[in-house]
Amino acid sequence: MEFIDLPPMLQAAGSVRLPGSKSISNRVLLLAALAEGDTLVEALLDSDDTRVMRNAIVALGVEVAEEGEALRVSGCGGRFPKLRADIFVGNSGLSIRTLVPAIVACLSGGDDAAAEVRLSGVPRMHERPIGDLVDGLKQLGARVEWLGEPGYPPLALKPALLGAERVSVRGNVSSQFLTGLLQAAPLVAREKPLVIEVEGELISRPYVEITLNLMERFGVRVEREGWSRFTVPAGQRYTSPGRIAVEGDASTASYFLAAGALGGGPVRVVGAGRQSIQGDVKFADALAVMGAEITWGDDWIEARAPASGKLKAFDLDLNHIPDAAMTLSVAALFADGPSTLRNIGSWRVKETDRIAAMAAEPRKLGATVDEFPEALRVTPPAELRPAVIDTYDDHRVAMCFSLATLGGAYVRINDPKCVNKTFPEYFQTFAGITRPVPVLAIDGPSASGKGTVAARVAAALGFDHLDSGALYRIVALAALEKGVALDDEAALAGLAAALPARFEGDKVLLDGRDVSDAIRSEACSVGASRVAALPAVREALFWRQRAYRRGPGLVGEGRDMGSVIFPDAQVKIFLTASAEARADRRYKQLIDKGMPANMDDLLRDLRERDERDSRRAVAPLRKEDDAALLDTSDMTVGQAVDFVMAEAAALR
C-alpha cells in the first residue's frame, strides 16, 4: 500500500489560497449544463469528484471546452441531448444524488421510448443509500430499476411522464436528496408548480442554502416555508449568468484553520470569508469556542492559537457543518479535557462510516474515544504517539490526521492519494505552512566517532540526541537480563517497542539506570548483531527511533538515520574514517575503561562488520547522495564537531 510519512511539526503559519469548493463546483456544472446559453465557470475545482460530474454531463451530450483556466459549458436548455448512457460516479455522493433527479426529469416527455441511463460507482457507492430520493421521484411517476440491492446504486433510469405536483422526501439522511429534487424541480414544474415537503428534521441545512443561492444565480426562484416546505413556481427555466466564479472550499479551509489554532499560527485561508455562501465557514466559530483567535475578512479567515497556548474542550451540536466537523475530532486531541461531537449521524453514510473511522484512528494516537450512534467523545492522551493511519478511501480522514503532527507525533497516512477526490495538492499545501522538527542525521561505520560528535553537536544546538546503535544493544541487554532468547522475535520486538531509554550527553539510560558500560560488553555486542537481523525488531525500533524526533530538534546517529529512519532530515552527514584509525580509537577507549583489548582482533572485527553492514539486505550502510562526507581519520573531535556545526547552521 502507498503511504506518506509526515514528521512532527513545530509550527504552522502562513497563507493558503483555497481550491474551488467541491459543493459549489458540482452544483454549478450541473446547473450550467441544464441552462440556456453558455456559462464560463471560473476557479472550478479540479478533482476526482468534479471530473465525475464533468464526464457525466459530457456523456449526456453537453459540450464543455476549456478556455485558459476556466471552463465553458454550453447549456442544453433543460433537456440532455443524449439519454442513452452508462455513467460512472466513483464515490461522489453529490454527483449521483443530483444527476438522478435531473436525468429523470429530462427523460419525462421525451420521444425515445428506448432511452435508458445507468449509473454505478465504486463498491462503497453501492453501499450508500439513495432509496429515499428514488421514493420521492417515484411519487412523481419516475421509472427506476435497481440493478443490485434495492435502495442502493447501481440503478437504471427509464422514460416516464412525470405528473405529480407534490413530492416528499426524508431530511434526516442526507440534504443532498433535497438538493437533487430542488435542482430538477424547474424541469418538472413546466406548467404547474412543484411542492417539495421535507419529512422530519433536515440535516446539513447550509448545503441547501448553497443550492438555493446558486439556483437563483441561474434564474430560478424557490419559495419556502422554513425548512419543511419548498415551492418551485411553474414556468421557470435555468438561464446562464454568463460567467460565474467558484468560491474557495470552506470544508477544506477547516484543515488549515485548525492548523493555525493547533500550531501557533497565524494561518490565513483566502477564498472564503464572511461573504461566503458556504455554511462550513462556521467551523471557525467552533475553533473560537475552543479558544482560538479568529479574524474575519470578506473573502478570508485567519486563525491562531489561544494566548494561553491551550485549547479548551467542547460539547457541540455539529449538524450544520458535518464535513468540517470531522476536523474537530482531531482538534479534540489537543484540548484540555474530553470533547463531545453531537448530531453527526450523517457521517455513517458518507465515503466510509466516518463515526467508526474517527473513533478507531485517534485511538492509535493514544486517545480514548467513546463511539455512539450519532456522536463521539474524544479524550486526549497525555502525549500523542506515532501512528499508522488508515484512510478508508476517504479524503477527509487523510487530511484530518495530518494535523496530529502538530502535537509532536510522527504520522504515516496510508493511501494518501485518496485526497484526489477534492484536493490533489493537499499534502504539498500543508507542507507549505508547517515547519517540521529539524533533524541532523549522522551515519557512518562502527567506531567512526559519530557518537561522540553527535552528542557534542546535540548539546551545542540544544537538541535531543539519539544513539540508534545503543538501542539495539539495549534490546540485547534487556533480553539477557530478562532471560529472553535472542531468536524469540516476537518477545524481542515487544521489548524493543517499549524501551524506556534515553540519552544524556555520553550516558545511555535504561529506565533511569546508567547502562553505558553494560551495553558495550562482548555479550551485548554479539546480541545486538543478532537482534538487528530480525525484521520485527527493526520494525519496532523504526517507530521507537522516530519517537525521539521532538522539538526543538534531534541529532540522530547510526547506520540508517538519513536513509531509512529520517530520509527527510534537513542535514545529513556521512562520517567515516579508515579501519586502522577506528580500531585505534576503539582500542584506546576500551583501555581507558579498564577493559581488555587486542588491536588485531579489533581491526578484523571492524572490517568484518563493515562488510556485513554494507551487504545486508535491509538498510545497508551507505552514503546518501544528499549527505556531506566527513572523513575524520586525521581530524580531532573538535574539528569534526566544527564541520558538522557549520553544516547545521541553517537549523539554529
Quick check for you: to the nearest 0.5 Å, what is the distance between [X] atom [atom1] and [Y] atom [atom2]?
| X | Y | atom1 | atom2 | value |
| --- | --- | --- | --- | --- |
| E42 | E67 | CD | CD | 10.0 Å |
| M125 | S95 | CE | OG | 7.5 Å |
| Y207 | S23 | OH | OG | 5.0 Å |
| D560 | I565 | CG | CD1 | 4.5 Å |
| D285 | L316 | CG | CG | 10.0 Å |
| R377 | S339 | CZ | OG | 10.5 Å |

Checking the side chain of [X] only, and the main-chain atoms of [Y] only, is there a donor and an acceptor separated by less than 3.5 Å?
| X | Y | result |
| --- | --- | --- |
| H465 | E504 | no |
| R128 | V349 | yes |
| D249 | K22 | yes |
| D317 | N319 | yes |
| Q570 | V439 | yes |
| E361 | D390 | yes |
| S47 | K421 | yes |
| T39 | V41 | no |
| Q278 | A250 | yes |
| R348 | P373 | yes |

Using 30° and 60° as the class limits, which term best fits the ring planes of Y426 and F256: parallel, tilted or perpendicular?
tilted

Please state whether the rings of Y410 and W543 are parallel, tilted or perpendicular, taking 30° and 60° as the class boundaries.
perpendicular

Assess the side chains of [X] and [Y]: does a donor N or O sit below 3.5 Å from an acceptor N or O?
| X | Y | value |
| --- | --- | --- |
| S21 | E247 | no |
| D48 | N420 | no |
| Y392 | D353 | no |
| Y255 | R396 | yes |
| R27 | T211 | yes |

Closest non-hydrogen atom pair, [X] against [Y]:
| X | Y | result |
| --- | --- | --- |
| G551 | L10 | CA-CD2, 3.6 Å |
| A367 | L333 | CB-CD2, 3.4 Å |
| P306 | A261 | CD-O, 4.2 Å |

Side-chain heavy atoms of [X] within contact of [Y], under 4.5 Å:
| X | Y | value |
| --- | --- | --- |
| N26 | T50 | yes |
| I203 | P322 | no |
| R354 | D323 | yes |
| M53 | T98 | yes |
| L6 | F427 | yes |
| V52 | F88 | no |
| V388 | F3 | no |
| T405 | T434 | no |

So for atom [atom1], which belongs to [X], do other residues, nucleotides or ligands contribute more than 12 heavy atoms lying within a distance under 6.0 Å?
| X | atom1 | answer |
| --- | --- | --- |
| E209 | CD | yes |
| K364 | NZ | yes |
| R243 | CZ | no |
| E201 | CD | yes |

Begin with the C-alpha distance, continue with both residues' side-chain angles, and end with the deciding distance and a verdict on side chain to side chain contact (heavy atoms under 4.5 Å, CB included) for L318 and I321.
CA-CA 6 Å; L318 298 166; I321 53 169; 4.0 Å; yes

Taking NZ, NE, NH1 and NH2 as the nitrogens, is one of them in D394 or K350 under 4.0 Å from a carboxylate oxygen of the other?
no

Look at R559 together with D443 and state whether they make a salt bridge at an N to O cut-off of under 4.0 Å.
no

What's the verdict on salt bridge (Lys or Arg N to Asp or Glu O under 4.0 Å) for D336 and K310, showing C-alpha distance, side-chain angles and the deciding distance?
CA-CA 7 Å; D336 60 5; K310 190 65 177 177; over 6 Å; no

Step-by-step salt bridge (Lys or Arg N to Asp or Glu O under 4.0 Å) determination, D315 to R342
CA-CA 7 Å; D315 187 331; R342 299 187 187 277; 2.6 Å; yes

For the pair V369 and M358, evaluate side chain to side chain contact (heavy atoms under 4.5 Å, CB included) and give the outcome as yes or no after the intermediate values.
CA-CA 9 Å; V369 184; M358 301 309 286; over 6 Å; no

Applying side chain to side chain contact (heavy atoms under 4.5 Å, CB included), run through L541 and L499 and close with a yes or a no.
CA-CA 9 Å; L541 286 183; L499 283 177; 4.2 Å; yes

Can R268 be said to sit on top of W300's aromatic six-ring, NZ or CZ under 6.0 Å from centre and within 45° of the ring axis?
yes

Please report the C-alpha distance between M326 and V397 in whole Å, then the side-chain angles of each, then the deciding distance to 0.1 Å, and finally whether the side chain to side chain contact (heavy atoms under 4.5 Å, CB included) criterion is met.
CA-CA 8 Å; M326 287 182 68; V397 175; 3.9 Å; yes

